[in-house]
K.L.:
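Supplied in structure tokens, the structure appears directly below.
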Amino acid sequence: MRKAWLRRGMFYLALLGLWELVFRCKVWPPYLFPSPQQVADAIIAGFQDRTLPIGIAISLRRIGIGYGCSIVLGMVLGLMTARNRVFEETVGSLILALQALPSVCWLPAALLWFGLNDQAILFVVLMGATLAMAIAAHDGVKGIPPIYIKAAQTMGTRGLHLYTRVLLPASLPAVITGMKQGWSFAWRSLMAGELLFVSLGLGHLLQMGRELNDIAQVFAVIVVIVVIGLVVDQGVFAPVERRVRMRWGLTLPDWK
Amino acid sequence: MTAIELQIDRVSKAFRTGRGQIGALQDISLEVAEGELVCLVGPSGCGKSTLLSVVAGLEPPDAGQVILDGQPVQGPGPERILIFQDGGLFPWLTVLENVTFGLRERGLPLEERRQRAMEVLRLVHLERFKDAYIHELSGGMRQRVAIARGLVLSPRILLMDEPFAALDTQTRDLLVEELRGLHEELKNTILFVTHHVREAVYLADRVVLFTFQPGRIKHIYPLEVPRPRDPDDPSLEALVREIVEALHVEVERALNEEYRRA
């Protein structure tokens, strides 16, 4: 475990070194390719003039709302398509079809419907994460051995309890994997949506960097976006996923 | 003679066998007395397991009915517990939580659930493992949890679908012995599906032999020898041989049928 971290640290140090080297060789002019130092300065400056913290707060608030709604909506859709054949054949096929569409393609329509505001962006986030969530929940429930359902029924489980006490816990490992995937879909959709107009989020800061011809700021915001995505994925979802899989007996405890 | 508890009354049912063919149970009638242990033997695909599902209420019969204590069976219910070959235990719950699952559905308070569950866990000698998760248990322990999970609901009838088939011989012998002890103590009615004729003859009050496609009752062998039985008893040995020979005829028919289709 510690060795893995060491290797990872070395790798990123080497990557930074290579970056610095490319910068010093002047392969590209500095206004197109910043040095690590310039990017670091841009991040610090962004925190000092509070544009970055504000951008982060705005983006996180949006994703909190959009992703939260997506989980609930996706779970409901997934459960319905998994448990009802008519739903599966109709709504289920539509979900699969729409999943092929990058969610940012909804932005033009959302702008026309909702105007230049948060709702338009939330709609894009919702379209990005809900479908992934619904598909994961559907597959999760479909993958439940029928024996669990039969066993519960003979023990007297009826109606809603079948969902809350059997289907949901039995599909939880798949659902958590779906939530993890949904998160990255939501995060990407949010950034794409924020790019396109004055939204004050991180995506907008990226766009401002372009307008000011400030490549260091563009890189700085990219780094922040990647770090936030990574922290949530590795810091929140990965441990939960690992613990659930272990408890369900799906992996050995010393699995790496 | 004790009262008739379960009546399987002219039940017919088409079903899909494990090999993707259509099988049929035809006109099965069987009366089971309270506390009786009946073993069902027959070639795979004859419909023994389907019959258990019908009695459990998980599948409706195409014709006929199942009557428990004078009431026709409609749907599954905790007075008829089905125990599966691989247990069907919930991996997200501990042993104790698995055993209390049905009591929770019944709405019993937590303390009472725990108390009752611990009683049956003691019966199957698993009280020390109450906090273990299912994947931490051996196959034999899992089946004992499955039995405990059924017994805790005080079912009228235990329906056991080859519950020990996936276990090694030693574990299997131990569990058969444990089941015999439980039956002697609790006197539940048990319908027990097995491939093992010797096991059936060792345990059963009656052994019911099924024919292959259509699945019908070929013969019923009553056993008067009191339990516990000596596995080496020559009269039992003779009966085992008799049933095995009759079973072989059916297994051969099943194989011929399979070759013909292949």
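Naming convention: chains lettered A, B, ... in sequence-line order (proteins, then strands); numbering from 1 in each chain. Only heavy atoms go into these numbers, but all of them, side chains included; no hydrogens, no water, no symmetry mates.
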K.L.:
Hey, which of B/Asp69, B/Asn188, B/Thr189 is the one that makes side-chain hydrogen bond (donor to acceptor under 3.5 Å, both in side chains) with B/Arg156?
P.N.:
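Single pass found, and it is B/Asp69.
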K.L.:
Is the cationic atom of B/Arg149 (NZ for Lys, CZ for Arg) positioned less than 6.0 Å from the six-membered ring centroid of B/Phe90 and within 45 degrees of its normal?
P.N.:
yes
K.L.:
Sort A/Val166 into side chain, backbone, both or neither according to what part of it lies under 4.5 angstrom from a heavy atom of chain B.
P.N.:
both
K.L.:
For B/Gln85, which atoms come within 4.5 Å of any heavy atom of chain A: side chain, backbone, both, or neither?
P.N.:
neither
K.L.:
Does any heavy atom of chain B fall under 4.5 Å from the side chain of A/Pro145, the backbone, both, or neither of them?
P.N.:
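Contact with chain B is absent: no heavy atom of A/Pro145 under 4.5 Å.
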K.L.:
Select, from A/Ala152, A/Pro173, A/Pro146, the one with the greatest count of heavy-atom pairs under 4.5 Å involving chain B.
P.N.:
A/Ala152
K.L.:
For B/Leu58, which atoms come within 4.5 Å of any heavy atom of chain A: side chain, backbone, both, or neither?
P.N.:
side chain
K.L.:
Less than 4.5 Å to any heavy atom of chain A: does that hold for the side chain of B/Ile134, its backbone, both, or neither?
P.N.:
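No part of it gets close to chain A.
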K.L.:
May I ask you to decide if the ring planes of A/Trp113 and A/Phe123 are parallel, tilted or perpendicular, using 30° and 60° as cut-offs?
P.N.:
perpendicular
K.L.:
With a 4.5 Å cut-off on heavy-atom pairs, point out which of B/Arg104, B/Glu105, B/Glu79 contacts chain A the most.
P.N.:
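Heavy-atom pairs under 4.5 Å are most numerous for B/Glu105.
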K.L.:
Once you round to the nearest 0.5 Å, how far does CD of B/Glu162 lie from OG of B/Ser49?
P.N.:
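Going from the CD atom of B/Glu162 to the OG atom of B/Ser49 covers 5.5 Å.
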K.L.:
With salt bridge (charged side-chain N to carboxylate O under 4.0 Å, His left out) as the criterion, how do A/Glu241 and A/Arg245 come out once you've worked through the C-alpha distance, each side chain's angles and the decisive distance to 0.1 Å?
P.N.:
CA-CA 6 Å; A/Glu241 194 179 24; A/Arg245 291 187 70 84; 5.5 Å; no
K.L.:
Has A/Arg188 got its NZ or CZ under 6.0 Å from the middle of the six-membered ring of A/Phe185, at an angle within 45 degrees of the ring axis?
P.N.:
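Cation-pi check for A/Arg188 and A/Phe185: passes.
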